[in-house]
Amino acid sequence: MTTVLKIGGSLAADPKRRRALLADVAAGLHGRCVVVPGGGAYADAVRAAQIRDGFDDAEAHCRALDAMGRMATDFCSIEPRLARSLEPWTEIANASRVWDPTTLRVGDPEIPENWGVTSDSLALWLARRMRAGRCVLVKSADAPSQEDADGLAQRGFVDAAFSAFAKRYGGSIAIWGPTRNVTLRQRVAA
């Protein structure tokens, strides 16, 4: 079973946890994984530039994908046993790797190009595309227990589009916080 493992950019504030998690992935402790990097400070810079320069959401989306790509490079520098991958769904190797989503700059009809979609929803999109059995979001905060995707989106814990992506994904969704792991209650769309 493949796991899509999104590592939030906010984990930069906890480099020991991030390094240990990447080492565990490279060692195969979580099975076969494709890591989705959050944009972190790079995405924050895009938000600030959009406010300053006034470019539209579609351009911000492309720049945010580039930010995730830069974080993918950072992750591979932190853990050299992981390879950077542009199209993990086409690769046959069983090795775990880090996804660089910059190929999505050309657009995809399933992905709105605005700030309602972040690496949280992109992880679910990738998990669905790869038919991964599990999608895990690693966050710097613990998720509330007994919550579903709608509730987490309403609280701002995940992005606004997360609920819609979760309904299209048939696998297990979990959130790993610093002290607690939560598996989401899920309603899958027919």
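Heavy atoms of other residues, nucleotides or ligands lying less than 6.0 angstrom from CZ of R19 number 12 at most. Atom CZ of R47 has more than 12 neighbouring heavy atoms from other residues, nucleotides or ligands inside a 6.0 Å radius. The neighbour count for R131 CZ, taken as heavy atoms of other residues, nucleotides or ligands under 6.0 Å away, does not exceed 12.
For the atom pair CD1 (I173) and CG (L184), the distance works out to 5.5 Å, reported to the nearest 0.5 Å. Put simply, CG on L126 and CG on L122 are 8.5 Å apart, with the number rounded to the nearest 0.5 Å. Here the NZ-CZ distance, from K167 to R128, works out to 14.0 Å after rounding to the nearest 0.5 Å. Rounded to the nearest 0.5 Å, atoms CG (D120) and CG (L137) are 5.0 Å apart. We find the OG-CE distance between S77 and M71 to be 11.5 Å, quoted to the nearest 0.5 Å.
Closest heavy-atom contact between A67 and A43: CB-N, 3.6 Å. Here the closest non-hydrogen pair linking S163 and A149 is CA-CB, 3.9 Å. Closest non-hydrogen pair, Y169 versus A132, comes out as OH-O, 2.7 Å. In terms of heavy-atom proximity, D56 sits nearest to E59 at OD1-N, 2.8 Å. Closest approach of P37 to S119, counting heavy atoms only: O-CB, 3.8 Å. Closest heavy-atom contact between C76 and A83: SG-C, 3.7 Å.
Put simply, the side chain of R97 never gets that close to the backbone of V35: no donor and acceptor are under 3.5 Å apart. Listed for the D100 side chain is no donor-acceptor partner under 3.5 Å among the backbone atoms of R84. D57 places no side-chain N or O within donor-acceptor distance of the main-chain N or O of W115, the cut-off being under 3.5 Å. Within the 3.5 Å criterion, the main-chain N or O of A60 finds no donor-acceptor partner in the side chain of Q50. Put simply, the side chain of S121 never gets that close to the backbone of V117: no donor and acceptor are under 3.5 Å apart. The backbone N or O of A161 sits less than 3.5 Å from a side-chain atom of D159, completing a donor-acceptor pair.
Contact of the T183 side chain with the S172 side chain is registered, since non-hydrogen atoms from C-beta on lie closer than 4.5 Å. Between R32 and T3, every side-chain heavy-atom pair lies at or beyond the 4.5 Å cut-off. With contacts defined as side-chain heavy-atom distances shorter than 4.5 Å, the pair W125/L104 qualifies. Two residues are said to be in side-chain contact when any heavy atoms from C-beta on lie closer than 4.5 Å; V182 and D142 fail this criterion. Counting only heavy atoms from C-beta outward, the side chains of L11 and R17 approach each other to under 4.5 Å. Within the 4.5 Å cutoff, no side-chain heavy atoms of C135 are placed close to those of K6. Looking at V36 and M68, their side chains come closer than 4.5 Å, going by heavy atoms from C-beta outward. Side-chain contact between N181 and I175 is absent, with no heavy-atom pair separated by less than 4.5 Å.
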Assess the residue pair V34 and M130 against the criterion (side chain to side chain contact (heavy atoms under 4.5 Å, CB included)); give the C-alpha distance rounded to whole Å, side-chain angles, the decisive distance to 0.1 Å, and a yes or no. CA-CA 10 Å; V34 175; M130 293 186 70; 3.6 Å; yes

Kindly determine whether Y42 and D74 satisfy side chain to side chain contact (heavy atoms under 4.5 Å, CB included), including the steps that lead there. CA-CA 11 Å; Y42 300 130; D74 289 356; 2.7 Å; yes

For I7 and F75, what are the C-alpha separation, side-chain angles and deciding distance, and is it a side chain to side chain contact (heavy atoms under 4.5 Å, CB included)? CA-CA 10 Å; I7 300 178; F75 284 5; 3.8 Å; yes

Could you walk me through whether L82 and L22 pass the side chain to side chain contact (heavy atoms under 4.5 Å, CB included) check? CA-CA 8 Å; L82 294 173; L22 290 170; 3.9 Å; yes

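Cluster membership for I111 and V158, using ILVMFWY side-chain heavy atoms within less than 4.5 angstrom, is shared. Hydrophobic clustering places V4 together with L65 (ILVMFWY residues linked when any side-chain heavy atoms are closer than 4.5 Å, directly or through intermediates). If you chain together hydrophobic residues whose side chains sit under 4.5 Å apart, F162 and L5 never meet in one group. Grouping the Ile, Leu, Val, Met, Phe, Trp and Tyr side chains by contacts below 4.5 angstrom, directly or via other members, places W99 apart from V138.
Ring-plane geometry between H30 and W176 is classed as tilted, the angle between the planes lying from 30 to 60 degrees on a 0 to 90 degree scale.
Residues satisfying the side-chain hydrogen bond (donor to acceptor under 3.5 Å, both in side chains) criterion with R18, sequence neighbours excluded, are absent altogether.
A salt bridge is absent between E110 and R129: the closest approach of a Lys/Arg side-chain nitrogen to an acidic carboxylate oxygen does not fall below 4.0 angstrom.
A cation-pi arrangement is absent between R155 and F157 under the rule of less than 6.0 angstrom and at most 45 degrees off the ring axis.
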